[in-house]
Amino acid sequence: MPDTIRTRFAPSPTGYMHIGNLHTALFEWLYARRYEGQFVLRIEDTDEARHTPEAVGVIYEGLRWLGIDWDEGPDVGGPYGPYVQSERVELYRSYLGKLLEQGLAYECYCTPEELDQRREMMRAQGLPPRYDGRCRTLTATQKAEYCSAGQPPCIRFAAAETGTTVVHDLIQGEVPFENALMGDPVIGKTSGFPTYHFAVVVDDQLQEALGFPTPVYAHLPLILGEDKSKLSKRHGAVSVVDYAEKGFLPEAMFNFLALLGWSPGSTEEILSREEIISRFSLEACGSSPSVFDMAKAEWMNSEYMKTMPGEQLARRLLPLLQKEGLFEENPTEERLTWLAQVADLMKERAPLLTTFITWARYFFTDDYEYDEKARNKWLTKPATPATLHALAERLQVLTDWTSDTIEAEVRALAEDRGVGAGKVIHPCRSAVTGTTVGPSLFHLLELLPQETIIRRLHRAEVEFAEDRAAD
RNA sequence: GGCCCCAUAGUCUAGUGGUUAGGACUCCGCUCUUUCAAGGCGGCAGCACGGGUUCGAGUCCCGUUGGGGCCA
């Protein structure tokens, strides 16, 4: 075991960040933090065709969203830079050259068509389709011929043809590979770029050349979709921004992902970031893939929302509300305090920030729908318009707008009419919020301006009185 | 197709030879409340299969099946 743990996360900048990649990054980060080592970010963009600066930004954002920081990386630098592979091509080229010189690699002039054809033949014969190594033994004259024909070679590694290579993996155990089964892998493309595999190996092994111990691998199990196949785009939301946009709190996602493939060894489920770091270990990581269960992820998110102070929750809600046009761009301190009160009142219910906003819409606008249950069960009842009218008249004259005074009026009205309080409460809730569910009615009324409530009561009174007249 | 890894309820998992197999999500009841989408209480449901080893196997070994990964 090396004295200093160094873990590396090496994503390709593909323009979006998969939640499975984030899971991998999290575990590597946890391991580094647990043992006070370094977490290194390296961008693997040797696939020249597809890297853009924005795509690298997506990776940064995904990691930052979850609260993962890196000790070395393209933007922060570090002693073993550069940390973007495309900036290291000269380095890889020099290693390719070295291998060629030593006869450990050779130039291969086979065309993709020829290779395909031969693979097909081998398959037809029931043989494993692997490169037959024919270019290994090309003579100088043959090479010259190909060259003059203008055909650029790729470079292959002359792999051992017998024996077994054993890779030690901290999670998967000893993983032996039969050398005979593997063809000579391409390590340099015809374009002169190194292949992904070669670059990775050079980068990892370079640490050894620089006096670090041989890198040790730990292959984490993958995340699967609900149908148990590898999580991919067709499973719907898989990119990190999708979860952020859905309204997941990063701390909840952190907790949830940590528990996917790792267990603290107890029955605790809600664990803080610090607890997770201090209790993390590779031994406690499972080695079988696990399914991403959205229902449980939402449950965990709701747990975090419930325990979060309203003030803090309000800050998370604010940008989403503004985006929906439900909140002003430059709110006053007073308005933020009010939002915190709304958050406290509603946070028991919603599983996500977005559902919170949907469910709490009536706090921010008069523009909400009456849902089916509110209409059928209360609003269209014959007595309702009169009840709403009477309630509005009583509430209108209140000089002190608090849940207590409101409750007193509501109950007094019910008593006057000789009905249970529910006969006033339910129509009122339906009229003022458009729905039959929600928090304590008197507390929610208290948080809305008196005139807003009066207006909404009258509006519903008129609308449903007319409704019946039209029938 | 070859090689490797894995296998506890629908899902995430605890469990390292002797447990009534524990927890959580989901689902379903009941209950409280002015409502539930919240709270409280309860329930359904699991060691993939077949052989061994052992006094005794979820736990160890072999095979089968299934899933996943890597290679091509």
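Just so we're on the same page: letters track the sequence lines, and every chain starts at 1.
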Short side-chain N/O contact to rC5(B) OP1/OP2 from Ser288(A), under 4.0 Å: no

With the side chain of Arg429(A) defined as its heavy atoms from C-beta on, choose the nearest nucleotide among rU13(B), rG69(B), rU34(B). rU34(B)

Looking at the side chain of Glu348(A), which of rG68(B), rG39(B), rC12(B) is the nearest nucleotide? rG39(B)

Under 4.0 angstrom, heavy atoms only, what part of the nucleic acid is Ser440(A) near: base, sugar-phosphate, or nothing? base

Side-chain donor-acceptor contact under 3.5 Å, Glu446(A) with His443(A): no

Check whether any side-chain N or O of Thr433(A) sits under 3.5 Å from a backbone N or O of Tyr362(A) as a donor-acceptor pair, and report yes or no. no

Take atom P in rU64(B) and the same atom in rG2(B), then report the distance between them in whole Å. 12 Å

Could you work out the separation of rA21(B) and rG15(B) based on their C1' atoms and round it to a whole Å? 8 Å

Atom NE2 in His23(A), atom CE in Met253(A): separation rounded to 0.5 Å? 11.5 Å

Tell which nucleotide pairs with rC3(B), taking only Watson-Crick or G-U wobble pairs whose two distances are both under 3.5 angstrom. rG69(B)

Scan side-chain atoms only and decide if Asp400(A) and Thr405(A) contain a donor-acceptor pair under the 3.5 Å cut-off. no

Atom-pair distance (CG on Leu345(A); P on rA38(B)), nearest Å: 15 Å

To the nearest angstrom, the CD1-P distance between Ile425(A) and rC36(B) comes to 13 Å

Across all strands shown, which nucleotide pairs with rU20(B) by Watson-Crick or G-U wobble geometry, both distances under 3.5 Å? none

Counting only side-chain heavy atoms from C-beta out, which of rA24(B), rU13(B), rG23(B) sits nearest to Thr267(A)? rG23(B)

Roughly how far apart, to the nearest Å, are rU11(B) and rA45(B) at atom C1'? 12 Å

For Met294(A) and rC12(B), what is the distance between atoms CE and P respectively, to the nearest whole Å? 15 Å

Please determine, for the side chain of Glu269(A), which listed nucleotide (rU35(B), rA24(B), rC12(B)) has the closest atom? rA24(B)

Distance between P atoms of rC4(B) and rG63(B) (Å, rounded): 11 Å

Who does rA48(B) pair with, Watson-Crick or G-U, both distances under 3.5 Å? rU64(B)

Report the distance from atom NZ of Lys296(A) to atom P of rC12(B), rounded to the nearest whole Å. 10 Å

Nearest of rA24(B), rA14(B), rU34(B) to any side-chain atom of His426(A)? rU34(B)

Which of rA37(B), rU13(B), rU26(B) is nearest the side chain of Trp299(A)? It is rU26(B)

P-based separation of rG58(B) from rG18(B) [nearest Å]: 10 Å

Is the phosphate of rG39(B) approached by Lys306(A) (side-chain N or O, under 4.0 Å from OP1 or OP2)? yes

Considering only NZ, NE, NH1 and NH2 on the basic side and carboxylate oxygens on the acidic side, decide whether Glu28(A) and Arg6(A) come within less than 4.0 Å. no

Report which part of the nucleic acid Thr436(A) touches: base, sugar-phosphate, or nothing (heavy-atom distance under 4.0 Å, all strands). base

Say you pick atom C1' in rA24(B) and the same atom in rU8(B); how far apart are they, in whole Å? 14 Å

In Watson-Crick or G-U wobble terms, with both distances under 3.5 Å, the base opposite rG29(B) is rC41(B)

Minimum-distance nucleotide to Asp293(A) side chain [options: rG68(B), rC25(B), rG23(B)]: rC25(B)

Taken to the nearest whole Å, CD1/Ile270(A) to P/rU13(B) is 16 Å

Comparing Met346(A) and His443(A) on RNA chain B - which has the more 5′ nearest nucleotide: His443(A)

Assign each of Glu268(A) and Lys373(A) the nucleotide of RNA chain B bearing its closest heavy atom; nearer the 5' end lies the nucleotide of Glu268(A)

Figure out the CZ/P separation between Phe254(A) and rC12(B), and round it to whole Å. 21 Å

Over how many whole Å does the gap from Lys423(A) atom NZ to rU35(B) atom P extend? 12 Å

Identify whether the distance between the nearest side-chain nitrogen and carboxylate oxygen of Asp344(A) and Lys306(A) falls below 4.0 Å. no

Between Arg455(A) and Glu451(A), does any NZ, NE, NH1 or NH2 come within less than 4.0 Å of an OD or OE carboxylate oxygen? no

Between rC32(B) and rG39(B), how many Å separate the two C1' atoms, rounded to a whole number? 8 Å

Please pick, from rC25(B), rU34(B), rU13(B), the nucleotide with the shortest atom-to-atom distance to any side-chain atom of Arg411(A). rU34(B)

Sugar-phosphate, base or nothing in reach of Leu441(A), heavy atoms under 4.0 Å: base

Rounded distance (Å) that lies between atom C1' of rC6(B) and atom CG of Leu224(A): 11 Å

So Ala421(A), base contact, sugar-phosphate only, or nothing? Heavy-atom distance under 4.0 Å. nothing

What I want to check is whether the side chains of Thr387(A) and Arg417(A) have a donor and an acceptor closer together than 3.5 Å. yes

Of all the nucleotides listed (rC36(B), rG69(B), rC12(B)), which has the minimum atom distance to the side chain of Leu222(A)? rG69(B)

Over all strands shown, is Gly261(A) touching base, sugar-phosphate only, or nothing at heavy-atom distances under 4.0 angstrom? sugar-phosphate

